[in-house]
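Structure first, then comments.
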Amino acid sequence: MKKIAIIGAGIAGLSAGCYAQMDGFETEIFELHNNPGGLCTSWKRKDYTIDGCIHHLPGASPSSKLHTMWKELGAIEDGRILFDSILRRTIDSGGNELNFYTDLVRLKEHLMEISPADKAVIDQYLTAARKFTKFELLAMVAGKGKERFSMIPHLPKIMKWGPISLEQFASRFKNSFLQKAFPTAQYDFQGIPMMIHLSFLAGCSIRSMGWPVGGSLAFSKRIAKRYEELGGKIHYRSKVKGIVVKNDRAVGLILEDGTKADADIVVSAADGYSTIYEMLNGKYRDDLIDEYYANPPDEQEMNAYVSLGVDLPLIDLPHGVTWLMDKKLELSDRNYQKMDLEVFNSKTEMVPEGKSVVRIPFTASYSYWKKLSNDRELYVDQKGEIAEKVIERLDGLISGIKEKVEVVNVSTPITTERFTGNFHGMQVWTPRSKPGRIMSKGLSKTLPELRDFYMVGQWAQGLIGIATAAVQGKKLVQKLKKR
């Protein structure tokens, strides 16, 4: 029975641990935090639970090919998934409203009510959405031979809608409100391909995408529980200092407190930079890896948040809301013309009845916040100033919310860096060279000249998403079992 030491109890590490235990390996997971999940987490502030991860969960119902994996991992509970009737609502200051209904018939009727003159474009959009209900893009990309082969009939659709951004498609509308509102269909940042939006809309339409009641940390804890039930052991508050290598073969770990853990195989589901350049002292790498980590973007969308616990039910708002503001909002070193909201009401079971959490993401500069963090007082003051500005402006959309705020929580890239160890407080980013190679083969699933060592997770694959991370854990164990 081979022994595997796994670094990190995020979704990828937990998945690898679960499947390894199922297949007869002996495993231990070493986690620097006191909770599982990594980035897939939530945290408590008074009566309010603030969620830090899941927007839409692929594989949420038996109609999805990914559902079996989540059930094997114990991640989801029957009847405990929320399915949105509205993917996103976009509102402007003039009172115009665009609802991206997940019922495609209702969505067409709604769009026709807004702009009958755009019937041809609306038909084109809804026809594409219906075609995307016939397959699961993520399941096929993450799958093995059979699943990938099943992509072939759908490649024309993928190739057609992949190069077209939401902004480009919106320009086809004659209606001026649809032109400015449609690009917010997915998230409030530029350049999102229509292919991504159509996949999400289709997934929500057929209920293969949903949201687990209780939130991200509860989701992660269920997988951790399943792992321990399978006989695995998680060592919390056990930061890995280094990976022990003998004759270019990984043979164990050394923890920060000096404790050693021997292993036949080492798997890192931790931050890519710290794994390669710190735990392994930068000895095993190639030009592609060096180029990738030497050129991180200074900014990343949705890497900072203002989260508000409010004494309001907000049951009339969908989970996703975008507000197109007349007046720009200045936060730190950027101006915003739009405000993106995530609303968590009592249906999520994360807040008391009659209360809600409103979470507002904004794009943050790592260098800006890193410099501020050197002066704790300045750092805290700036977070407070941003929260005040957001609350003041939000009162124009949700009347009276200013007086109902009971909890304020602001997270920045420095928060993420401190909490998870993620390089520059980021998730992965699109590489400047060889993006196709990384999309197909990953960035660093193995390292040059290093045997019995593997990486799993978003850094290894070069793609974001908790389903991507979980699939990688499963596929690695399949590979190890075959070997």
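Any value given below was found using the heavy atoms of this structure, including those in side chains, with hydrogens, waters and symmetry copies removed.
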| note | The reported gap from OG1 in T49 to CG in L217 (rounded to nearest 0.5 angstrom) is 8.5 Å
| task | Please determine, by modelled atom types, if D51 and S42 share a side-chain donor-acceptor pair under 3.5 angstrom. | result | yes
| query | For residues Y101 and E109, is any side-chain donor paired with an opposing acceptor at under 3.5 Å? | reply | no
| message | Would you say that more than 12 heavy atoms from the other residues, nucleotides or ligands in this model lie under 6.0 Å from the NZ of K389, or not? | response | yes
| Heavy-atom side-chain contact between K225 and R222 under 4.5 Å | no
| said: Please check this pair: side chain of S220 against backbone of C40, looking for a donor-acceptor N/O pair closer than 3.5 Å. | reply: yes
| Distance-only, no hydrogens or angles: does the R393 side chain make a donor-acceptor pair with backbone N or O of K328 under 3.5 Å? | yes
| remark: Nearest heavy-atom contact between W323 and G396 is CH2-C, 4.0 Å
| field | Flag side-chain contact, heavy atom, 4.5 Å: L87 against Q186 | value | yes
| said: Run K108 and I122 through side chain to side chain contact (heavy atoms under 4.5 Å, CB included) and show every step you take. | reply: CA-CA 7 Å; K108 180 175 180 178; I122 293 168; 4.1 Å; yes
| task | Determine, using ring centers only, whether H197 and F100 are less than 6.0 Å apart. | result | yes
| field | Residue pair Q179 / R172, side-chain donor-acceptor N/O under 3.5 Å | value | no
| field | Shortest non-hydrogen contact between A60 and I76, atoms and distance | value | O-CD1, 4.1 Å
| Student check: side-chain heavy atoms of K445 and Q472 closer than 4.5 Å | yes
| request: Measure across M325 and L329 and return the closest heavy-atom pair with its distance rounded to 0.1 Å. | output: CE-CB, 3.9 Å
| Does R89 pair with E97 as a salt bridge, N-O distance under 4.0 Å? | yes
| Is a donor on one side and an acceptor on the other found under 3.5 Å between the side chain of T102 and the backbone of D84? | yes
| message | Using a 3.5 Å distance criterion without hydrogens, assess whether the side chain of D375 forms a donor-acceptor pair with backbone atoms of L378. | response | yes
| For Y277 and D271, does a side-chain donor sit closer than 3.5 Å to a side-chain acceptor? | no
| With ring centroids as reference points, do F182 and F173 lie under 6.0 angstrom apart? | yes
| said: Under the criterion ring pair (Phe, Tyr, Trp, His ring centres under 6.0 Å), I'd like the reasoning laid out for W429 against Y292: C-alpha separation, chi angles, the key distance, then a yes or no. | reply: CA-CA 9 Å; W429 60 88; Y292 184 82; 4.4 Å; yes
| Under 6.0 Å from the NZ atom of K71, do we count more than 12 heavy atoms belonging to anything else shown? | yes
| said: With a 6.0 Å cut-off (strictly less than), is the heavy-atom count around CD of E403, excluding the residue itself, greater than 12? | reply: yes
| With a 3.5 Å cut-off and no angle check, do the side chains of S64 and E136 form a donor-acceptor pair? | yes
| request: Report the C-alpha separation of T468 and V471 in whole Å, then their side-chain angles, then the decisive distance to 0.1 Å, and conclude whether the side chain to side chain contact (heavy atoms under 4.5 Å, CB included) test is met. | output: CA-CA 5 Å; T468 302; V471 167; 6.0 Å; no
| request: Kindly check if the number of other-residue, nucleotide or ligand heavy atoms within 6.0 Å of CG (L82) is above 12? | output: yes
| query | Within the side chain of D395, is there an N or O that forms a donor-acceptor pair under 3.5 Å with the backbone of I401? | reply | yes
| message | Less than 4.0 angstrom from a charged side-chain N to a carboxylate O is my criterion; do R226 and E72 meet it? | response | no
| query | Under 3.5 Å, is there a donor-acceptor pair linking the side chains of T412 and Y379? | reply | yes
| query | OG of S171 to CG of L178: how many Å apart, nearest 0.5 Å? | reply | 12.5 Å
| query | Quick one: are the ring centres of F169 and W161 less than 6.0 Å apart? | reply | yes
| At what distance, to the nearest 0.5 angstrom, does CD1 of I223 lie from CD1 of I11? | 4.0 Å
| said: Please give me the minimum heavy-atom distance between G38 and F419, naming the atom from each residue. | reply: O-CE2, 3.8 Å
| request: Check L126, D118, N175 against L111 for a side-chain contact (heavy atoms from CB on, under 4.5 Å) and give me the one that passes. | output: L126
| Got L73 and M69 here, is their nearest side-chain heavy-atom distance under 4.5 Å? | yes
| query | Does the pair D92 and F177 meet the rule for a side chain to side chain contact (heavy atoms under 4.5 Å, CB included), with working shown? | reply | CA-CA 8 Å; D92 70 8; F177 174 61; 3.5 Å; yes
| said: As an exercise, state the distance from NE2 of H110 to OG of S115, rounded to the nearest 0.5 Å. | reply: 11.5 Å
| request: Any chance you could measure S85, atom OG, to H319, atom NE2, to the nearest 0.5 Å? | output: 12.5 Å
| Is a side-chain N or O of T420 found less than 3.5 angstrom from the main chain of T416, in a donor-acceptor match? | yes
| task | Kindly determine whether R45 and I50 satisfy side chain to side chain contact (heavy atoms under 4.5 Å, CB included), including the steps that lead there. | result | CA-CA 7 Å; R45 294 293 181 270; I50 298 170; 3.9 Å; yes
| field | Sidechain N-carboxylate O distance under 4.0 Å for D340, R88 | value | yes
| request: Among E417, K371, E299, find the residue that satisfies the side chain to side chain donor-acceptor pair (under 3.5 Å) test when tested with Y366. | output: E417
| request: Determine yes or no for a side-chain-to-main-chain donor-acceptor pair under 3.5 angstrom, with D298 supplying the side chain and S367 the backbone. | output: yes
| said: When you measure from the side chain of E31 to the backbone of H33, do you find a donor-acceptor pair of N or O atoms at a distance under 3.5 Å? | reply: yes
| Taking the six-membered ring of Y336 as reference, does the NZ or CZ atom of R334 fall below 6.0 Å from its centre and within a 45° cone about the axis? | yes
| message | For A470, is there any backbone N or O sitting under 3.5 Å from a side-chain donor or acceptor partner on S15? | response | yes
| Parallel, tilted or perpendicular for Y273 and Y293, by the 30°/60° rule? | perpendicular
| query | Can you find a heavy atom in the side chain of Y187 that is under 4.5 Å from one in the side chain of M302? | reply | yes
| Sub-3.5 Å donor-acceptor pair from the side chain of T127 to the main-chain atoms of Q124, do we have one? | no
| task | Drop me the distance from I464's CD1 to L39's CG, to the nearest 0.5 angstrom. | result | 10.5 Å
| request: For A364 and A304, work out which heavy atoms get closest and say how close. | output: CB-CB, 3.7 Å
| query | Do the non-hydrogen side-chain atoms of I466 and C53 ever get within less than 4.5 Å of each other? | reply | yes
| query | Is there a donor in the side chain of Q337 and an acceptor in the side chain of N335, or the other way round, less than 3.5 Å apart? | reply | no
| message | Please determine whether the number of non-hydrogen atoms from other residues, nucleotides or ligands lying under 6.0 Å from atom CD of E392 exceeds 12. | response | no
| request: State, without any angle test, whether N409 and W43 hold a side-chain donor-acceptor pair at a distance under 3.5 Å. | output: yes
| request: Give the intermediate values and the outcome of ring pair (Phe, Tyr, Trp, His ring centres under 6.0 Å) for residues H55 and F200. | output: CA-CA 11 Å; H55 293 99; F200 273 73; 8.9 Å; no
| query | Is the number of heavy atoms from other residues, nucleotides or ligands within 6.0 Å of CD1 (I315) greater than 12? | reply | no
